[in-house]
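Whatever order the structure lists them in is the order used to number ligands and atoms, beginning at 1. This chain uses plain numbering: 1 for the first residue, then up along the sequence.
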Amino acid sequence: MATTPVITDEILAKYEPVIGLEVHVQLLTASKIFCSCSTRFGDPPNSNVCPVCLGMPGALPVLNRKAVEFATLAAMALGCRVNETSIFARKNYFYPDLPKGYQISQYDKPLAEFGAIEIPAGNGTKKIGITRLHLEEDAGKSLHDGFPDAADKTAIDLNRTGVPLAEIVSEPDIRSPDEAYEYLTRLKEIILYTGVSDCNMEEGSLRCDANISVRPRGQKEFGTKTEVKNVNSFRFIQLALEHEIERHIGVIEAGGKITQETRLYNANEGRTYGMRSKEHAHDYRYFPEPDLLPLVVNEAWQDQIRAGLPELPEARRERMRKEYGITAGDAQTLTRSRAMADQFESAAQAAKNPKRVANLVQSELLGRLKAKGLELEQSPVSMAGVASSADLVESGEISGKMLKDLYDLSFERNKDFPAVYDEEGRPKQSRDTSALEKLADEVITANPKQVEQYRAGKKTMLGFFVGQVMKASKGQGNPQLVNEVVTKKLEGGNS
Ligand code: ADP
Ligand code: MG
Ligand code: ZN
């Protein structure tokens, strides 16, 4: 083997990566795709099994209607064309976690084709094509660890066997690990919005295999690809791809050839290892599944499924920007999950100033949640609480400083905003005009230059004076009242 040459940025720049992703998404049906066994995660091993999913001879599969509807909904959300007729096929291979000796999948007639996901690219967006979305059953799980009596023992849990999956295959349109990351982020977001999967990577509800090749820039033909399997986070997929790109280029620069193979990524070492090469590649001997009829999702059924399509993240952001006068960045943050967007919208509609609600979510809520490692669902301050706090600031009943303190107390006491606000006794703020007038006089006397500027027409100086008086009142002044008092003083002195 040739020694690996040093890959400089210059050498890297000579090559263009080509990436295509295969994503498996577990559909949230209560029962498996071809039998009535439960799909529940974490049950005792081999407790959710029956002759069908154990592959007993003579047992016949019966297709789960809900799995078809979920996969079709996902396909529609990804802009795919749904094929009225699709065919289940047997994919034959031997593996201990596959009791039947074949997986029921779809091959040359998949459920849906020709979709796309838009990802941000440069100043605009770029479409990544989706070749196909098909239905298939999951295999079981081999467990290699946790056997104190025998370190090299492997056990099989067949609870997962027959759990419905949608496989989503992208076109080789992705050109960098960053684009791969974006594609996966968008894909997950869209699937989550449809509600057909929880996309929980730790529990294996979303799995991704990454295909990667490189070619000299300007060359039309693709290079030889390798496939990186079983990477369990989007960050690691990005890192695995970065590593693979450098490895490919290293091999080619040294005069070698990339072997088409499946590789595994080791996150601890930050590198990939060959798993099986093309010589050992499977010949799956696909053929139509004789125990199942062609799947027909006719127009009427498609219409019915389409009616359940939610407003998708991109469209929702666009609408929210217009409806609430928020920025693209605000909309991006507030639609991070469908639940957050739903909660924000119902709170914002009730609030006096939706933009202020959006600001407070970002400035006061999310940072505190992150610091405490809490999810939105665990937040002591609800979105309705944020809206009520926004209204209090809006009407001038509390100052920004008081608001911050109250949020701190909410998080300390694990109580929602209105409750803490009540506990702390409502307006502690000074409505004592004479005290505020005294403070205003002091501030005006102490800042003659600014007074001159204000009186010369620089009305924006008002903010400076209000700020100084608020500060002098230690945040206890009612901002609206302070504003009135200061304006009166400044204008009054002019006559
Ligand atoms: P296979 O038959 O080896 O599974 P497919 O043609 O089904 O290959 O493609 C699998 C995935 O690999 C798809 O996402 C596709 O976009 C991607 N792909 C195909 N050819 C290449 C290539 N040369 N480089 C990178 N990705 C590729
Ligand atoms: Mg493949
Ligand atoms: Zn079963």
Task: Contact list for residues 155-165, test side-chain hydrogen bond (donor to acceptor under 3.5 Å, both in side chains), sequence neighbours left out - done: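 Those involving residues 155-165 are D138-R160.
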
By number and element, which atoms of ligand 1 are closer than 4.0 Å to a non-hydrogen atom of [X]?
{"X": "V169", "value": "13 (C), 14 (O)"}
{"X": "V18", "value": "24 (N), 25 (C)"}
{"X": "S170", "value": "13 (C), 14 (O), 15 (C), 16 (O)"}
{"X": "G20", "value": "14 (O), 16 (O), 17 (C), 26 (N)"}
{"X": "E171", "value": "16 (O)"}

- [ ] Determine the minimum heavy-atom distance between K141 and D97, stating which atoms define it.
- [x]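 Minimum heavy-atom contact is N-CB, 4.0 Å.
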
Is any N or O atom of [X], backbone or side chain, closer than 3.5 Å to an N or O atom of ligand 1?
{"X": "K225", "answer": "yes"}
{"X": "F222", "answer": "no"}
{"X": "G223", "answer": "yes"}

Open item on the list: Please tell me whether Q26 and S197 have a donor and an acceptor in their side chains that are separated by less than 3.5 angstrom.
Closed with: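 No, because no side-chain N or O of Q26 sits under 3.5 Å from a partner of the opposite role on S197.
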
Open item on the list: Taking the ring centre of each residue, are Y407 and F417 less than 6.0 Å apart?
Closed with: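 That pair passes the under 6.0 Å test.
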
Open item on the list: Would you say the ring centers of Y284 and Y107 fall short of 6.0 Å from each other?
Closed with: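 No.
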
Task: Polar protein atoms (N, O or S) that approach the Zn ion (ligand 3) to under 2.8 Å - done: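 The answer is C35 SG, C37 SG, C50 SG, C53 SG.
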
TODO: Name the option, out of G129, P172, P17, S213, that contains the heavy atom nearest to atom 24 (N) of ligand 1.
DONE: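 The residue whose heavy atom sits nearest atom 24 (N) of ligand 1 is S213.
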
Open item on the list: So, using ring-ring contact (aromatic ring centres under 6.0 Å, His included) as the criterion, who are the partners of F34 when residues are at least two apart?
Closed with: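 ring-ring contact (aromatic ring centres under 6.0 Å, His included) list for F34, sorted by chain: F88.
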
TODO: Mind jotting down which residue pairs meet the salt bridge (Lys or Arg N to Asp or Glu O under 4.0 Å) criterion with at least one end in residues 87-96? Sequence neighbours excluded, please.
DONE: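 Pairs touching residues 87-96 that pass the test: R90-E289, R90-D291.
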
TODO: Can you establish whether the number of heavy atoms outside K415 located under 6.0 Å from its atom NZ is more than 12?
DONE: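 Open.
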
Open item on the list: How about CD on E377, more than 12 heavy atoms from neighbouring residues, nucleotides or ligands closer than 6.0 Å, or not?
Closed with: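 Counting other residues, nucleotides and ligands, CD of E377 exceeds 12 neighbours.
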
Open item on the list: I need the contact type for T131 against ligand 1. Using non-hydrogen atoms and a strict under-4.0 Å cut-off, is it side chain, backbone, both or neither?
Closed with: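 It is neither part, as no heavy atom is under 4.0 Å.
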
Task: Residue from R263, K229, K225 passing salt bridge (charged side-chain N to carboxylate O under 4.0 Å, His left out) with E244 - done: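 When salt bridge (charged side-chain N to carboxylate O under 4.0 Å, His left out) is applied between E244 and each of R263, K229, K225, only R263 qualifies.
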
Task: Residue pair R215 / E221, side-chain heavy-atom distance below 4.5 Å - done: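 No. Closest side-chain heavy atoms not under 4.5 Å.
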
